[in-house]
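What you see is a predicted model, and the numbers here were worked out from it, not measured in a lab. Just so we're on the same page: letters track the sequence lines, and every chain starts at 1.
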Amino acid sequence: MRLSAVLFLVSTLVGGSVTIKTLVFPSATSTSYVEMVPLKPLNLQAFTLCMRVATELSGEREVILFAYRTQDFDELNVWRELDGRLSFYMSGDGVFFNVPQLGALQTHLCVTWNTASGAATLFLDGRKSLTKIYRKNQWVRPGGKVIIGQDPDNYVGDFDANQSLVGEIGDISMWDSVLSQSDIQDLFSGKRVARGNVFDWETAQLKIHGEVEVVDVEL
Amino acid sequence: MRLSAVLFLVSTLVGGSVTIKTLVFPSATSTSYVEMVPLKPLNLQAFTLCMRVATELSGEREVILFAYRTQDFDELNVWRELDGRLSFYMSGDGVFFNVPQLGALQTHLCVTWNTASGAATLFLDGRKSLTKIYRKNQWVRPGGKVIIGQDPDNYVGDFDANQSLVGEIGDISMWDSVLSQSDIQDLFSGKRVARGNVFDWETAQLKIHGEVEVVDVEL
Amino acid sequence: MRLSAVLFLVSTLVGGSVTIKTLVFPSATSTSYVEMVPLKPLNLQAFTLCMRVATELSGEREVILFAYRTQDFDELNVWRELDGRLSFYMSGDGVFFNVPQLGALQTHLCVTWNTASGAATLFLDGRKSLTKIYRKNQWVRPGGKVIIGQDPDNYVGDFDANQSLVGEIGDISMWDSVLSQSDIQDLFSGKRVARGNVFDWETAQLKIHGEVEVVDVEL
């Protein structure tokens with residue numbers, strides 16, 4: 001594992017459209033990953049986490065979509081489960097959503113949660129899931145690292161190729177609040193109004209390790 | 001069954017978006033339900049009934065979506081049938097629609113009917129179904145109670161957990177007329193112009209019984 | 001094989017809508033095909049190729065969707081594979097996309113590629129697939145012919161009925177650059193702003209051979 005690049009993803013406005021980076025993981029590895037440096041510590045009573053993701057992995061295959069781990073805990077992991085359900089975990093058992101499966105066509109995925117009500121929801125391509133009640137009064141705690149492409153079973157390490165992401169992921173942004181449904185629909189349709197205050201993809205600092213292609217796409 | 005809360009769901013305008021309540025039924029029970037108090041008696045020659053609903057219940061499972069019962073009759077029930085079809089019943093046999101199944105992603109559902117033509121239709125996420133002719137010259141009669149979450153086989157009682165709603169439901173509004181297709185598409189897309197005159201979700205009085213979570217969502 | 005017609009497909013604006021031609025291949029043959037004359041040589045470091053296609057062919061059946069062959073090489077072929085995947089080939093092994101299958105409902109299909117990054121993607125009805133890295137630093141070379149309906153295993157010849165297109169295809173346009181996602185979504189939804197500079201369907205010169213029906217459709 002070497003640090004192959006430190007990138008600042010600066011957006012470019014070309015004739016009204018915006019160019020962003022997207023990450024391509026061509027094959028299953030236990031070595032390729034991207035660390036995202038947050039704009040502020042992940043000390044969160046609420047969050048919205050969005051991304052665009054596409055993968056041909058299907059059948060009985062776990063896929064890690066987002067991993068935030070401190071020294072001892074998986075503080076916030078987002079998964080495609082063995083059976084295709086989507087889920088997220090905040091140190092302990094997860095919350096599961098039986099939604100249409102990810103595939104080779106890009107899906108705009110958001111998860112939202114807040115501590116006060118425990119309301120946990122997914123959005124797929126702007127469509128809101130049912131609400132589940134999860135981890136009321138818990139927090140997401142600061143001091144860890146966010147990894148894309150691998151699930152760290154230790155602090156940034158102990159990766160398993162059978163859980164790695166193969167495919168494409170990008171436009172990963174995060175807020176310390178629950179965005180409205182119309183904001184999320186705007187994000188889905190490419191209106192770039194709300195900018196993440198925890199992660200903002202267009203300015204995010206990425207540390208690329210291993211075999212990860214960084215490709216420009218024009219939205 | 002205890003009366004755990006009487007809520008007035010008052011909407012709040014925050015920066016142009018609207019906050020509404022939504023009801024989460026976390027598990028199958030024969031005890032949890034919500035009574036909705038109408039703005040006027042359900043003495044109806046025509047109606048439009050809309051809601052946003054999401055459920056992971058699937059396979060051979062009936063799900064009650066709306067129940068209006070007087071002392072002796074199911075005056076208007078809306079169902080997800082055993083085979084996934086949607087239907088409604090006005091005291092007697094129902095009318096059935098073979099449409100895409102409800103799922104974990106929220107569906108905006110409306111049913112419309114009027115006595116003069118008997119035209120009965122569904123709208124799913126703004127898309128209109130074929131029209132069926134049903135109960136021409138019949139009325140929906142007043143004097144009953146509207147229950148969400150359970151199907152009362154007696155007047156507010158005799159519930160069956162195997163028919164209960166598990167999931168999320170909200171934005172339940174009703175009119176004593178048939179709304180236009182464009183009105184219903186506006187409702188689907190969150191434009192809150194037409195306000196129900198039988199039920200208006202934003203001001204509806206709800207009587208919560210049992211295990212029902214009331215969560216704020218911002219449209 | 002005879003030259004049955006040389007057509008210039010001129011669009012007509014009728015009350016704001018546009019009428020275009022579409023090609024119907026009624027049955028499997030090894031003789032029916034359409035040659036498209038490009039606006040400039042296919043000397044390409046990047047491309048976007050779009051079409052509208054519908055076919056009831058399914059199961060284990062290859063279907064050629066676009067064939068550009070020079071004397072000795074298949075420079076750019078687009079296929080529906082035996083297993084239903086979509087793919088394209090630039091002289092040698094192809095790149096494959098496991099996406100929803102083509103069917104009797106029309107699909108708006110685009111493929112994009114550029115030499116600098118090797119980024120290869122599909123768009124189905126405006127939805128972008130994952131990106132694959134393919135043939136970085138290769139070019140599409142000029143001097144060949146573009147054939148619709150058949151796969152030439154020699155220079156315009158040696159056709160196989162089991163690979164022929166049966167169904168409908170039209171609105172075939174090509175650019176020597178990678179269009180933005182929003183441009184492709186505009187094309188999908190019928191906004192005819194971006195006009196192909198390699199092929200522009202509305203003015204394309206077609207040489208029809210064999211049993212091919214040319215039908216007007218209003219977008």
For a side-chain contact (heavy atoms from CB on, under 4.5 Å) check, start with the C-alpha distance between Q181(A) and Q106(B), then their side-chain angles and the critical distance, and finish with the verdict.
CA-CA 12 Å; Q181(A) 199 162 334; Q106(B) 199 177 76; 3.7 Å; yes
Candidate pair V178(A) and E218(B), rule side-chain contact (heavy atoms from CB on, under 4.5 Å), full reasoning
CA-CA 9 Å; V178(A) 173; E218(B) 210 179 319; over 6 Å; no
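Neither the backbone nor the side chain of V53(B) has a heavy atom closer than 4.5 Å to any heavy atom of chain A. Of the two parts of S58(B), neither the backbone nor the side chain holds a non-hydrogen atom closer than 4.5 Å to a non-hydrogen atom of chain A.
When every heavy atom of A54(B) is checked against every heavy atom of S129(A), the shortest pair comes out as CB-C, 4.4 Å. Residue E213(B) comes nearest to I133(A) through the heavy atom pair CG-CG1, 3.6 Å, listed as atom of the first residue, atom of the second, then distance. Closest approach of N98(A) to A104(B), counting heavy atoms only: O-CB, 3.3 Å.
Between chain B and the residues K128(A), K132(A), Q185(A), the largest count of heavy-atom pairs under 4.5 Å involves K128(A).
Between atom CG of residue L105(B) and atom CG of residue D125(A) there is a gap of 9.0 Å, rounded to the nearest 0.5 Å.
By the neighbour-count criterion of 12 heavy atoms within 6.0 Å, atom CG of N154(B) is densely surrounded, having more than that number from other residues, nucleotides or ligands. With a 6.0 Å radius and a threshold of 12 heavy atoms from other residues, nucleotides or ligands, R127(B) has its CZ atom at or below the threshold.
Residues D216(B) and S117(A) fail the side-chain proximity criterion, which asks for heavy atoms closer than 4.5 Å.
Remark: the backbone N or O of T131(A) is paired with a side-chain donor or acceptor of E168(B) at under 3.5 angstrom.
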